[in-house]
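One structure below.
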Number of protein chains: 2
Amino acid sequence: MTRMPTVEDVARVAQVSRQTVSNVINSPSIVREATRSRVLAAIDELGYRPNAAADQEITRMPTIQDVAGLAHVSKQTVSNVINSPSTVREATRSRVLAAIDELGYRPHASARRLRTRKSSTIGVRLAPLPPDGISSAILDRFVRKLTEQADARDLRVMLFTAGDPVEEIDRIRRLHEGSDADAFVLSATEYGDPRIAWLVEQDIPFVSFGRPWDAKTPHHRWVDVDGRAGVGEAVRHLRAHGAQRVGWIGWTETSGNGNERRSGWEAESGLSATDQRTYSRRAPDDVTEGTRCAMELLSLPEPPDALVCASDSLALGAMTAARMSGRPALPVIGFDDTPIAAAVGLSSVEQPLDEVAATALALLFGPEGDDVLPNPGDDEEPTNRLLAPRLVERRPSHLQLDATTGD
Amino acid sequence: MTRMPTVEDVARVAQVSRQTVSNVINSPSIVREATRSRVLAAIDELGYRPNAAADQEITRMPTIQDVAGLAHVSKQTVSNVINSPSTVREATRSRVLAAIDELGYRPHASARRLRTRKSSTIGVRLAPLPPDGISSAILDRFVRKLTEQADARDLRVMLFTAGDPVEEIDRIRRLHEGSDADAFVLSATEYGDPRIAWLVEQDIPFVSFGRPWDAKTPHHRWVDVDGRAGVGEAVRHLRAHGAQRVGWIGWTETSGNGNERRSGWEAESGLSATDQRTYSRRAPDDVTEGTRCAMELLSLPEPPDALVCASDSLALGAMTAARMSGRPALPVIGFDDTPIAAAVGLSSVEQPLDEVAATALALLFGPEGDDVLPNPGDDEEPTNRLLAPRLVERRPSHLQLDATTGD
DNA sequence: AAGATTTGATAGATCGATCAAAAAATTGCG
DNA sequence: CGCAATTTTTTGATCGATCTATCAAATCTT
């Protein structure tokens, strides 16, 4: 990266102003002798040459112009070969392709973005990790899927961080104004989310992973996973295998997702309203809370014979409680299918993140291509999708081992 | 985003070539009547106007020129206010800043990158997730830290995916040639890693998270965590608390990291070579493998009274084994301090990812700034750092609950 | 006070690509 | 063949910023 020295560099070394350097070169007579020799020394030392532009024969990346020269066509034709090959005659095209290959040419991403006025980049905010969260890995896994799918469309995923929604708004504004990203993916929408209204008002293209939880949220694109259906499936599965009283351990009422998931249990549990109160608990998302709630439920006169939980964290705690109460085989089902569920053999409801990512891109960019679609107007047909999760059945690893070891 | 219609659009609608459209406008006489009227209809329908460039007064983002106009200075001065404020007089500067504020101006990232020839972007590959890996979340957490630290330097983190090192090389080449990223962070280095030699040869700036495991790996920048020291600390801690025979469950010999971590145990265990063979096991990184190995060790005539594992996965399995063998209080220490460790109350050795990220950036860009430093030459002083991990002590949650419930 | 030097602001070129339109070459048809 | 129409290629402008060198005004020397 040995850049050509500039007047600026010479000035710094000789400890004079740029103007003085210029004078030494163009009208040496007006510069005092001492200064002049100091400047000349600096020029010598750095190997500065006035019109340095000419000899930048340093290993420059080939440009479209170089390709054009080699293939004996105009640079526009080279551009066409790359961007709309069908408009170029076969003979010409192969000649240009050969030249591209020979030089190892690749279009300069920034130049292209400047001209086309699109960055082909999707901004994704990484929210801070909650201290004990094992579920938050969902975002990480979603980002992976999004990146994979984006690669296929020649889109890039750029990450940024922000501590809270307000800070996120500020970051998005800057990224958008600087044309750093031309679409954004929101995640973890909540009641009274300020981001959506703002983005809609600013007309910045986005899609949210998570449905709006407020009736007054403006119309926008979103994709979400149907937690209610997922939990419902889990409960039906347990009952089909003989469970009579399926208990529920969920989140507090402030969580839209939590209420949604709980409603799936309510609908499928087959319990009376009174029993529903008896066999359910609400708690923060934490392993020890899961254990606590499960212990409570299991010490009822008629304890539940299966448990469904709003998260793998709670479910993991519930499994511990089950073992502690001497019921290691009690069926427990979690939610999110985090790696830990696979590790301990916990059944869990899996979010189809592949599909979520694909849908998010489809909503933003259409079925294919990398032109971002504008945010939908109020009157437009639905621009959102609710995807069905899938129950992943597993056999708890402690039971597997019991079997293996005969213990 | 209602773009002005172009000749291209008109041509498509009228189903004629662009040239014909041009002729209809400029020399109508040479176009046959039927064609001409079809083209005119299309022009009308789209509301096409020949010199549309003039009236693009649609909400364009303000440019440096707009700011210059409002502040009555040249655009170069505006640029100076942004990039080297000290060279601009106070009065002028505040006038320009006011204009910037009023217009909500923000430099166009791509234009700047094109001119400055640097993308200020770091490329990071997301390796595919191993099916059961709970440790692989390390990369995700590292990426988070890297993004945070990069934000502070006005650098961007761009993700890409690749299935294997060879594919990764190809992706890096394309991203580098297209000036999409000007530095890369490698992770998960392994024996005979082909990426490093290639990057060094191509002179593409990079740093690897993970030291080279081969003697013949060329000199390059790297940062890593001292697994040996971390495990050593864990073993010392256990022995200081009375453990006589600390066992080890680690990975197979093909893992550089695994061998490194094991050596920490060997050094601090205080066991004879024979006992070391007795009290250690090698296995793939998997929870059930951890349980299996731990069961073996615990059924020895003189079982170990504490266990240290190469990963949280193995440690989690070992905890299960301990409970199954009726020794729920057996001290177990894992590695990586994954969220799951916090969740179940497993002590673990924590990698200082904050520091790893900061060091990676410092090696790539120097103590501050966003100019990439070239790869170091063979003779240069060490350009790598080995960071010390930290033991996080926890009390197993099942024990906490035992205490609470009196069970 | 005249000349040397620095500070402040500016003009013009340039980064590497695509867009828009026009020109040139080719094809089709009566 | 001759002209209209199409296909292929080229010219010139442009995206929005920074780089380079220089001019102009202010400040310092002797």
Side-chain angles (χ1 to χ4, degrees), chain A residues 3-4 6-9 11 16-23 25-27 29-36 50-53 60-66 68 73-80 82-84 86-93 105 107-117 178-179, chain B residues 4 6-9 11 16-23 25-27 30-32 35 50-53 60-66 68 72-84 86-93 96 105 107-117 178-179:
Chain A
R3 188 171 55 83
M4 280 294 128
T6 71
V7 171
E8 189 80 41
D9 300 320
V16 297
S17 70
R18 302 185 301 279
Q19 180 60 45
T20 304
V21 176
S22 173
N23 287 341
I25 296 165
N26 300 317
S27 31
S29 61
I30 68 167
V31 180
R32 201 183 309 171
E33 165 56 23
T35 313
R36 184 168 58 216
N51 219 343
R60 196 171 49 86
M61 285 272 164
T63 74
I64 201 172
Q65 184 66 68
D66 300 323
V73 295
S74 70
K75 47 188 185 140
Q76 182 57 45
T77 299
V78 177
S79 175
N80 286 339
I82 296 168
N83 299 305
S84 41
S86 67
T87 71
V88 180
R89 205 196 319 181
E90 166 56 26
T92 315
R93 184 170 53 220
Y105 165 75
H108 191 288
S110 295
R112 168 181 276 174
R113 290 189 195 133
L114 170 59
R115 192 59 181 95
T116 61
R117 314 179 65 63
S179 298
Chain B
M4 281 293 129
T6 70
V7 170
E8 189 80 40
D9 301 320
V16 297
S17 70
R18 302 189 300 278
Q19 179 59 42
T20 304
V21 176
S22 174
N23 287 341
I25 296 165
N26 299 316
S27 30
I30 68 167
V31 180
R32 202 184 310 176
T35 313
N51 217 343
R60 194 172 50 84
M61 286 273 164
T63 73
I64 203 171
Q65 183 66 68
D66 300 323
H72 300 292
V73 295
S74 69
K75 47 188 183 135
Q76 182 56 46
T77 300
V78 177
S79 175
N80 287 339
V81 168
I82 296 168
N83 298 306
S84 41
S86 67
T87 70
V88 181
R89 206 198 315 181
E90 166 57 24
T92 316
R93 184 170 54 220
V96 170
Y105 166 76
H108 191 287
S110 295
R112 168 179 278 172
R113 290 190 196 133
L114 170 60
R115 194 60 184 93
T116 60
R117 312 177 69 58
S179 299

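By convention in this document, chain letters (A, B, ...) are assigned in the order of the sequence lines, proteins followed by strands, and residues within each chain are numbered from 1.
Nearest nucleotide to the side chain of B:Ser79, out of D:dA13, C:dG16, D:dT18: D:dT18. The A:Lys75 side chain lies nearest to D:dA13 when the options are C:dG16, D:dA17, D:dA13. The nucleotide whose nearest atom lies closest to any side-chain atom of B:Arg117 is, among C:dC15, C:dT18, D:dC19, C:dC15.
Interatomic distance, CD of A:Glu90 versus OG1 of A:Thr92, reported as 8.5 Å (0.5 Å rounding). B:Leu114 contributes atom CG, which lies 12.0 Å from atom CZ of A:Arg115 (distance to the nearest 0.5 angstrom). B:Arg117 contributes atom CZ, which lies 9.0 Å from atom CE of A:Met61 (distance to the nearest 0.5 angstrom). A distance of 13.5 Å separates CG of B:Asn80 from CZ of B:Arg89, quoted to the nearest 0.5 Å.
Taking every heavy atom of both residues into account, B:Ser179 and A:Ser110 meet most closely at O-OG, 4.5 Å. Between A:Ile82 and A:Tyr105, the shortest heavy-atom contact is CD1-CE2, 3.6 Å.
In this structure, A:Gln65 atom CD and C:dT14 atom C1' are separated by 14 Å, rounded to whole Å. Between A:Arg60 atom CZ and C:dT14 atom P there is a gap of 13 Å when expressed in whole angstrom units. Going from atom CD1 of B:Ile64 over to atom P of C:dT14 covers 19 Å, rounded to whole Å. The nearest whole Å value for the distance from the CG atom in A:Leu114 to the P atom in C:dG16 is 12 Å. Straight-line distance from the CD atom of B:Gln76 to the P atom of C:dA13: 15 Å, rounded to whole Å. Rounded to an integer number of Å, the gap from B:His108 NE2 to C:dG16 P is 17 Å.
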**Q.** Nucleic acid footprint by protein, nucleotides 3-9 of chain C - heavy-atom cut-off 4.0 Å, B for base, S for sugar-phosphate alone
**A.** -SSBBBB
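You'll find a donor-acceptor pair under 3.5 Å spanning the side chain of A:Arg115 and the base of D:dT14, going by distance alone.
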